[in-house]
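The block underneath contains the structure these notes are about, expressed in structure tokens.
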2 protein chains.
Amino acid sequence: MINIKFQPMDINVRAGVGENLLEVARRNGIFIDAPCNGGLSCGKCKVRIIRGVVDFNGNNHHIKDGELKAGYVLACNTKVIEDLVIEVPSGESSYMNGMKIEDLSGPRDQKIFQRARDQVLNNGMKFCSYIKKDYLEIDLPTLDDNISDWDRIKRHLRNQLGYSMVFCRLPMLRKIPSLLRESEFKITITHIPRGDNRTTIINMEIGDTTNRLYGVALDIGTTSVAACLVDLYEGKLLAKASSGNAQMKYGADVIHRIIYATKNNGLEKLTHAIIHETINPLLKKMYQDAGVDKNEVTAFVAAGNTTMSHLLLGIYPDYLRREPYIPTFSGAPFIKASELELEANPETFLYILPSIASYVGGDITAGVLASGIWASEENILLIDLGTNGEIVFGNKDFLVTCACSAGPAFEGGEISCGMRAAGGAIERIEIDNNSYIPKFTIIHNEKPKGICGSGIIDLIAEMLKTGLVDRRGKINRDLNTDRIRFDEYNIGEYVVAFKDEWGIEEDITITEIDIDNFIKAKAAVYSGIATLLDSLGMDFDMINKIYIAGGIGSSLSIDKAIEIGLFPDIEFDKFMHIGNSSLMGCYLTLMSEDARRKMEEFSKEMTYIELSVYPGYMDEFISACFLPHTDINRFPTVEKILEEYSTNRAI
Amino acid sequence: MINIKFQPMDINVRAGVGENLLEVARRNGIFIDAPCNGGLSCGKCKVRIIRGVVDFNGNNHHIKDGELKAGYVLACNTKVIEDLVIEVPSGESSYMNGMKIEDLSGPRDQKIFQRARDQVLNNGMKFCSYIKKDYLEIDLPTLDDNISDWDRIKRHLRNQLGYSMVFCRLPMLRKIPSLLRESEFKITITHIPRGDNRTTIINMEIGDTTNRLYGVALDIGTTSVAACLVDLYEGKLLAKASSGNAQMKYGADVIHRIIYATKNNGLEKLTHAIIHETINPLLKKMYQDAGVDKNEVTAFVAAGNTTMSHLLLGIYPDYLRREPYIPTFSGAPFIKASELELEANPETFLYILPSIASYVGGDITAGVLASGIWASEENILLIDLGTNGEIVFGNKDFLVTCACSAGPAFEGGEISCGMRAAGGAIERIEIDNNSYIPKFTIIHNEKPKGICGSGIIDLIAEMLKTGLVDRRGKINRDLNTDRIRFDEYNIGEYVVAFKDEWGIEEDITITEIDIDNFIKAKAAVYSGIATLLDSLGMDFDMINKIYIAGGIGSSLSIDKAIEIGLFPDIEFDKFMHIGNSSLMGCYLTLMSEDARRKMEEFSKEMTYIELSVYPGYMDEFISACFLPHTDINRFPTVEKILEEYSTNRAI
């Protein structure tokens with residue numbers, strides 16, 4: 001055994017000789033960002049050896065010569081062989097807490113919110129939660145009226161409220177004897193009515209507490225998690241919280257996490273990471289902010305993609321990624337908060353929004369509910385751009401959906417300069433058509449650390465228009481600017497930020513490899529949209545509206561997304577950001593039993609198209625691996641812009 | 001802190017100076033029999049100090065002078081003050097394992113069994129368990145048929161078996177993905193149908209296991225616990241097991257256990273003792289005997305008195321013993337085996353037979369079911385003689401019940417020579433009318449250790465007939481026999497077994513105090529019966545049959561029970577032993593869903609008479625505190641026998 005000290009957190013751990021450094025760190029809860037999970041492709045798990053020697057093959061383009069000399073290695077490819085002191089970049093806190101996450105609190109969200117609520121009401125549904133509280137003043141027992149406590153409660157509910165069948169479980173029963181005596185038989189019950197005459201009691205409190213009834217809505221993204229605490233009477237948001245998903249340390253995307261889950265007790269670690277390291281801290285923070293006790297939280301609705309749902313419940317996810325891609329469940333059975341050790345009343349039922357397929361999850365079902373496609377006369381296209389990308393198209397009569405294998409590019413993954421939308425991320429870029437000098441905005445106005453998804457879209461669009469890259473994504477080798485350079489393998493890169501200029505450790509650049517990766521990602525989305533419409537015999541003209549949801553949403557430039565061919569070339573005013581529609585769908589499910597029923601109905605009727613086996617999809621995809629597309633006629637507006645830029649360039 | 005070594009088990013423990021020795025032993029899981037739970041009344045917690053000094057007040061009639069010198073003390077009244085070595089009588093193994101417990105295996109039981117089963121069938125009920133197994137060959141998933149595993153199972157059940165609503169819980173869901181693939185989608189489900197089209201899956205197994213479907217019936221007595229493992233297709237008993245209730249170390253009767261439960265974490269200890277120290281070892285033994293895996297056990301029915309039911313579920317029982325004597329529940333909600341950590345499939349539902357009142361429990365409901373009173377045209381009196389005594393009277397049209405506060409006397413409690421019906425207990429006695437020499441039979445033919453309930457009834461009846469005691473229970477001071485003697489307080493005793501004759505440590509005797517205690521116990525039962533009949537305006541003539549159930553049952557002499565006035569003086573052939581009717585009622589509940597429904601129905605309609613507030617009960621009781629009764633006219637047969645004995649005596 002050897003000793004390893006991790007800096008700056010000053011944590012000492014023990015490890016066996018020959019162990020993988022990334023695994024040692026993970027086992028001890030030390031966050032090292034490793035989106036590709038040891039695949040050697042991302043280069044993000046860089047750490048510095050301050051003392052000691054490791055077994056590391058430095059022949060890798062992610063570690064430059066100078067870095068190797070300074071002690072930098074990739075943790076995923078390093079074996080520990082003697083005592084070490086290691087410096088880890090302070091990734092976790094910024095990723096976990098500094099992340100820019102859509103919640104429901106901005107003014108735009110308030111509007112979307114109002115719209116979503118109105119849509120429910122306009123469709124004849126009630127805005128009324130599935131959970132109820134009632135205050136009971138129960139007759140005291142006597143020698144003549146000596147039925148049991150539980151029979152007494154049931155009798156009261158039958159006689160006073162008309163419930164002829166009342167249920168509870170053991171933990172409730174255990175509370176009854178003391179609670180009734182302490183309250184002098186004046187209690188408030190929290191219960192879930194089903195039909196007219198049945199109900200299940202999930203909480204009992206002393207005295208009249210009917211004015212306090214709370215629920216949680218929770219969006220579990222692959223990268224980020226957002227939650228809000230809701231007053232179930234008014235629907236008011238009492239608190240909100242968001243952070244990164246602590247599962248990130250086990251892989252950036254769902255595929256890497258699924259693979260991690262199949263190893264040793266990987267599944268257990270992933271479930272622990274989402275519940276104990278991500279969700280519970282968010283819940284505690286919200287309860288503290290709002291002055292609510294966890295036992296008062298008796299409704300809980302969550303949505304996530306299908307993999308996130310499986311990992312949350314501790315269900316072996318490997319068959320999601322193996323043909324024929326079968327999830328274990330779409331709609332989950334009743335699950336109590338206590339079964340998952342969620343911070344809420346232990347008897348609270350967790351409702352997980354149903355998924356449609358292995359790669360179209362409950363977050364999309366939530367999005368359909370929140371966006372109101374299910375009630376629309378017009379044809380609406382919903383695009384959720386998170387890790388991967390999911391698409392829904394339809395109206396009140398039909399809904400079709402598919403998943404694009406776009407990978408994590410829109411969240412900065414698999415791009416050398418890419419990062420998530422956290423502090424220090426460049427999120428918007430313009431490049432001067434003549435000087436090739438970029439102007440950009442940075443999240444939280446920090447020093448730049450990398451470029452997030454919306455920034456990369458801007459960057460590639462600007463590079464295309466200014467002629468820095470051609471339509472294949474190759475860098476123009478004839479330009480006279482120090483921002484373009486080539487490495488020993490003749491791979492070109494464009495410098496977005498020089499290190500000296502910004503006082504940062506390295507230049508921030510985008511390489512031809514990055515651009516190529518990103519083109520594949522955007523092509524996956526575009527070809528998904530095209531295929532979905534084709535499956536219905538429809539074309540782009542028939543789209544009345546395009547709703548953009550997901551993490552990338554708020555800072556995304558629609559125009560530039562069209563310029564690179566991510567979105568089809570249709571009128572700007574048809575596009576609309578709808579924010580975190582997954583969280584909003586959870587909120588609506590929490591607040592309206594009618595909306596929940598409607599959602600369960602349409603989720604069962606949605607048609608899922610499996611792109612990988614759809615005839616012609618592969619051709620669509622290959623054609624889309626151009627900027628904006630092989631067939632420029634599909635993008636007339638972009639063609640015009642490219643011509644204008646070309647004309648306006650000095651040279 | 002001081003060190004205490006307990007012998008012969010050779011266990012070393014630590015204790016604080018001044019701690020109570022009985023508590024120290026209990027805390028460390030060392031069994032010291034203490035039926036009165038520190039009340040100083042029973043003298044059963046005698047231990048010997050081999051080394052060291054304790055703080056013990058020896059001024060107590062349970063410890064004789066010689067014993068005090070030899071180091072004997074009462075553990076309940078001893079404070080530890082320095083390092084000790086202590087010898088504990090080897091009580092536990094004999095009580096826990098050597099106990100004579102009614103199960104369902106004897107030839108008489110087989111007959112009763114057959115009768116109970118016939119009664120169910122004759123009343124148009126099906127002999128068919130509420131639990132089912134079905135073998136499914138499920139269509140394999142494909143890219144075109146890619147619904148989730150759980151939806152696939154549900155679809156199969158809907159299409160093939162007609163269940164339109166199928167439920168399961170999280171642990172089931174977690175099993176699904178691997179189980180389906182390992183079995184190539186050929187599985188057997190265990191499920192609980194409700195109505196025509198709903199069912200809940202509680203187990204899934206690989207391949208066709210429909211021939212293996214097992215359940216457990218369990219009788220939880222205050223003193224002893226009996227269980228049987230049942231093949232749910234045939235109703236065959238595959239294994240049986242019984243032992244003492246490990247809660248005995250915390251008090252002999254329900255009142256002492258309730259008091260113990262209210263102290264510190266007493267409730268937790270009592271629940272642990274019944275589940276982990278009593279029930280689970282019995283279950284493991286049965287599963288091993290029958291070659292059944294615990295996961296194959298998917299039905300579980302238990303009955304016990306109301307206190308036992310509360311303690312099993314970990315429910316605070318104190319209100320059972322406080323006026324107005326209110327239980328927390330009569331019928332328990334759904335409880336999973338995993339919630340109680342019972343050794344069975346974790347998803348198995350535990351069905352606990354409903355109780356009627358605080359002192360008429362599910363064991364009595366079970367007894368009513370097993371005895372068939374609910375279907376009888378004749379008037380039947382059911383007497384359960386365990387710790388306390390419960391009585392039911394009625395026929396198919398009405399049922400009334402009450403509880404007698406007889407205490408533990410019928411199980412040997414609160415009687416100096418009393419013991420439970422375990423190895424070494426004298427169970428039958430005759431006394432020569434002239435020599436006063438007793439003849440007796442001993443359980444397991446061991447050396448005599450004490451006298452169990454049936455032996456005490458015999459003894460007192462014989463003493464009455466032979467003139468050793470008068471009708472007040474006082475010993476005749478004028479007889480010339482060395483078997484009668486008086487202590488310094490002039491309290492008389494009769495020697496049943498001399499120590500020298502048997503090679504035992506002490507004479508086995510019965511004192512006037514014992515007889516007095518026993519008379520009160522039998523008076524409680526007799527006056528209970530009388531009051532129950534009085535409440536209906538009926539008298540003893542209207543009883544067509546008397547069924548005797550409970551631990552004392554099998555060795556009880558009906559004639560002698562009448563002679564002491566425990567039972568009314570009616571024809572012998574109206575009496576019948578029905579064995580462990582509680583266990584049999586559990587068996588019927590397990591095997592017949594119809595019987596279970598019927599039982600729930602009549603349990604709700606049973607009228608409970610609270611004796612303590614019934615007008616005239618106290619007078620009845622006091623009149624019954626005679627041998628056989630103050631009013632000898634009520635016992636004409638006994639009057640005649642007493643005259644005959646008197647006439648036949650030499651002197």
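For clarity, every value in this text was computed on a predicted model and none was experimentally measured. Per chain, numbering begins at 1; letters A, B, ... match sequence-line order.
Of all heavy-atom pairs between Ile315(A) and Pro177(B), the closest is CG2-CG, 4.1 Å. Of all non-hydrogen atoms in Ser330(B) and Ser148(A), the two that sit nearest each other are N-OG, 3.4 Å. The two residues Thr142(B) and Pro324(A) come nearest to each other via the heavy atoms C-CB, 3.4 Å.
Residue Glu184(A) qualifies as open at atom CD: its count of foreign heavy atoms under 6.0 Å is 12 or below. Heavy-atom contacts from other residues, nucleotides or ligands closer than 6.0 Å to CG of Asn265(A) number more than 12.
Between chain B and the options Phe329(A), Tyr316(A), Phe167(A), Trp150(A), heavy-atom pairs under 4.5 Å are most frequent for Phe329(A). Note: Arg181(B) leads Arg181(B), His310(B), Lys336(B), Met172(B) in heavy-atom pairs under 4.5 Å with chain A.
Panel note: side chain Arg152(A), backbone Thr328(B); no donor-acceptor pair is recorded below 3.5 Å. A distance-only check finds a donor-acceptor pair linking the side chain of Arg174(B) to the backbone of Leu313(A) [under 3.5 Å].
Within the 4.5 Å cutoff, side-chain heavy atoms of Leu340(B) are placed close to those of Leu170(A). With contacts defined as side-chain heavy-atom distances shorter than 4.5 Å, the pair Tyr325(B)/Leu143(A) qualifies. When side chains are defined from C-beta on, Pro333(A) counts as touching Leu173(B), because their heavy atoms get closer than 4.5 Å.
For Ile147(B), the part lying near chain A is the backbone, with the side chain staying farther off; criterion is any non-hydrogen pair under 4.5 Å. Neither the backbone nor the side chain of Lys154(B) comes within less than 4.5 Å of any heavy atom of chain A. Only the side chain of Tyr319(B) comes within contact range of chain A, with heavy atoms under 4.5 Å apart.
For Arg169(B) and Phe334(A), the positive end is not near the middle of the six-membered ring at less than 6.0 Å and at most 45° from its axis.
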